[in-house]
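Just below is one structure, and these are the notes that go with it.
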2 protein chains.
Amino acid sequence: MGLMIRKQLPQPDRAEIRVEAVLQALGEPVRLQIVRALADTPEGIACGEIELQVTPSTRAHHLRTLREAGVLTTHTEGTRRISSLRREDLDALYPGLLTGVLSAAQ
Amino acid sequence: MGLMIRKQLPQPDRAEIRVEAVLQALGEPVRLQIVRALADTPEGIACGEIELQVTPSTRAHHLRTLREAGVLTTHTEGTRRISSLRREDLDALYPGLLTGVLSAAQ
DNA sequence: TTCGTAGTACGATCTTCATCGAACTACTCG
DNA sequence: CGAGTAGTTCGATGAAGATCGTACTACGAA
């Protein structure tokens with residue numbers, strides 16, 4: 001077992017986040033499912049552990065979309081990539097949005 | 001001047017509104033612009049009076065999308081169609097969502 | 001009824017994007 | 001090192017959708 005290197009994947013600064021991109025990212029069923037899963041696990045979750053009906057490459061595509069929109073942050077932990085919601089940033093930018101979305105009946 | 005007939009255009013019941021449809025509807029720049037305009041005029045506004053850089057037919061397309069998603073309601077007033085935000089329904093379903101979206105810097 | 005206005009519906013076009021398989025990178029373990 | 005695992009990237013494909021012009025409907029005014 002070696003030293004665990006944690007590296008954060010590129011993502012927009014809080015000031016660069018655009019509401020259109022966030023809404024568009026959240027408006028896709030698979031991505032909304034990912035967001036809901038992340039909301040349930042504040043400590044973060046590995047890509048492959050989220051239950052989804054899509055292939056790994058589609059998974060990666062959606063995670064990238066969410067990351068580039070500023071919805072989630074991802075860091076590496078060995079070979080795994082742990083993602084978690086950018087709740088603080090989103091709440092600061094759009095207070096109530098995330099709560100409202102997550103309160104929706106599934 | 002004859003009798004003014006007010007007829008409401010078909011729209012989903014509150015229980016039929018799906019959050020994915022709402023988010024997807026809000027995630028398009030022109031439609032978000034429409035929603036912002038509606039938020040500024042609670043009494044409702046006619047389609048043609050919203051300042052947009054698109055043709056009438058594109059306007060109609062976006063208004064239909066927003067109506068079918070449950071974001072706005074439209075009724076006729078003579079030849080004009082007045083639209084307004086379904087704020088009560090949206091606040092009840094997703095408390096905070098609309099506020100959060102509208103609080104975003106433009 | 002005829003004209004003008006507000007807005008919609010339809011069909012076409014062009015772009016965006018969700019999806020996948022295959023090839024690839026990065027890391028861990030033995 | 002080599003094998004295995006986690007995940008990404010690339011290119012292709014097919015579907016969804018944003019846009020427009022044209023033709024149409026509905027209503028009001030003269």
Side-chain angles (χ1 to χ4, degrees), chain A residues 1-11 18 20-35 37-38 44-69 71-84, chain B residues 1-11 18 20-35 37-38 44-69 71-84:
Chain A
M1 189 193 79
L3 181 63
M4 193 64 88
I5 300 171
R6 291 170 122 262
K7 189 162 45 176
Q8 191 179 67
L9 268 58
Q11 65 181 35
R18 294 166 303 120
E20 292 91 346
V22 171
L23 291 168
Q24 200 176 343
L26 296 178
E28 207 279 334
V30 175
R31 289 196 289 261
L32 190 54
Q33 205 172 336
I34 294 174
V35 169
L38 293 183
I45 188 169
C47 166
E49 281 158 14
I50 307 173
E51 208 169 322
L52 297 173
Q53 310 301 322
V54 294
T55 63
S57 58
T58 302
R59 235 168 247 267
H61 164 66
H62 286 308
L63 282 171
R64 168 194 273 263
T65 301
L66 286 165
R67 179 166 7 95
E68 289 178 348
V71 176
L72 56 79
T73 185
T74 306
H75 69 264
T76 60
E77 270 184 22
T79 79
R80 297 151 52 97
R81 298 199 171 183
I82 309 295
S83 298
S84 51
Chain B
M1 186 193 81
L3 179 63
M4 192 64 89
I5 301 174
R6 291 171 119 261
K7 189 162 45 175
Q8 191 179 68
L9 269 58
Q11 65 181 34
R18 293 166 305 118
E20 292 91 346
V22 171
L23 292 168
Q24 199 176 343
L26 296 177
E28 206 280 333
V30 176
R31 289 196 289 260
L32 191 54
Q33 206 172 336
I34 295 174
V35 169
L38 293 183
I45 187 170
C47 165
E49 282 158 14
I50 306 172
E51 209 170 322
L52 296 174
Q53 310 302 321
V54 294
T55 63
S57 58
T58 302
R59 235 169 248 269
H61 163 67
H62 286 309
L63 282 173
R64 168 195 273 265
T65 301
L66 286 166
R67 176 162 13 91
E68 290 179 348
V71 176
L72 56 79
T73 184
T74 306
H75 67 265
T76 61
E77 270 183 24
T79 79
R80 298 153 49 98
R81 300 200 170 181
I82 308 297
S83 297
S84 52

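The figures here come from the full heavy-atom set of this structure, side chains too, leaving out hydrogens, waters and symmetry mates. Numbered from 1 within each chain, the chains take letters A, B, ... in sequence-line order. On a predicted model such as this, the values are computed, not experimentally measured, just so you know.
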Practice prompt. Using heavy atoms to find the nearest nucleotide of DNA chain C for A:Arg81 and A:Arg31 separately, return the residue whose nucleotide is more 5′.
Written response: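 The answer here is A:Arg31.
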
In whole Å, I'd like the distance from the [atom1] atom of [X] to the [atom2] atom of [N].
X       : N      : atom1 : atom2 : answer
B:Glu20 : D:dA16 : CD    : C1'   : 16 Å
B:Leu9  : C:dT8  : CG    : P     : 8 Å
B:Leu63 : C:dA6  : CG    : C1'   : 12 Å
A:Leu66 : D:dT8  : CG    : C1'   : 16 Å
A:Glu28 : D:dA15 : CD    : P     : 16 Å
B:His75 : C:dA6  : NE2   : P     : 16 Å
B:Arg59 : C:dT5  : CZ    : C1'   : 15 Å
B:Glu49 : C:dT5  : CD    : P     : 15 Å

Fill in: Donor/acceptor link under 3.5 angstrom from A:Ser57 side chain onto base of C:dG21
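Pair found.
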
Taking any heavy-atom pair under 4.0 Å as a contact, classify [X]: base, sugar-phosphate, or nothing.
X       : value
B:Gln24 : sugar-phosphate
A:Arg64 : sugar-phosphate
B:His61 : base

Discussion item. From the set C:dG7, C:dC20, D:dG21, return the single nucleotide nearest to any side-chain atom of B:Cys47.
Written reply: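 Given the options C:dG7, C:dC20, D:dG21, the side chain of B:Cys47 is closest to C:dG7.
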
Practice prompt. Name the closest nucleotide to the A:Thr79 side chain, picking from D:dA6, D:dT8, D:dT19.
Written response: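 The listed nucleotide nearest to A:Thr79's side chain is D:dA6.
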
Item to complete: Before giving the answer on side-chain contact (heavy atoms from CB on, under 4.5 Å), spell out for B:Cys47 and B:Arg81 the whole-Å C-alpha distance, their side-chain angles and the decisive distance to 0.1 Å.
Response: CA-CA 7 Å; B:Cys47 165; B:Arg81 300 200 170 181; 5.6 Å; no

Practice prompt. Would you please confirm or rule out a distance under 4.0 Å between OP1 or OP2 of C:dC17 and any side-chain N or O of A:His62?
Written response: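 For C:dC17, neither OP1 nor OP2 has a side-chain N or O of A:His62 closer than 4.0 Å.
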
Worksheet item: CZ/A:Arg18 to CD/A:Gln24 distance, rounded to the nearest 0.5 angstrom?
Response: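 Answer rounded to 0.5 Å: 8.5 Å.
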
Fill in: Spacing of A:His61 atom NE2 and A:Leu66 atom CG [to the nearest 0.5 Å]
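A:His61 atom NE2 to A:Leu66 atom CG measures 9.5 Å (nearest 0.5 Å).
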
Worksheet item: Are A:Ser84 and A:Leu38 close enough, and set up right, to give a side-chain contact (heavy atoms from CB on, under 4.5 Å), and what steps lead you there?
Response: CA-CA 6 Å; A:Ser84 51; A:Leu38 293 183; 5.5 Å; no

Worksheet entry | Chi angles and distances behind the side-chain contact (heavy atoms from CB on, under 4.5 Å) call for A:Val35, A:Arg31 | CA-CA 6 Å; A:Val35 169; A:Arg31 289 196 289 261; 5.6 Å; no

Worksheet item: With nearest nucleotides of DNA chain D determined for A:Thr58 and A:Arg80 from heavy-atom distances, which residue corresponds to the more 5′ nucleotide?
Response: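 Final value for this comparison: A:Arg80.
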
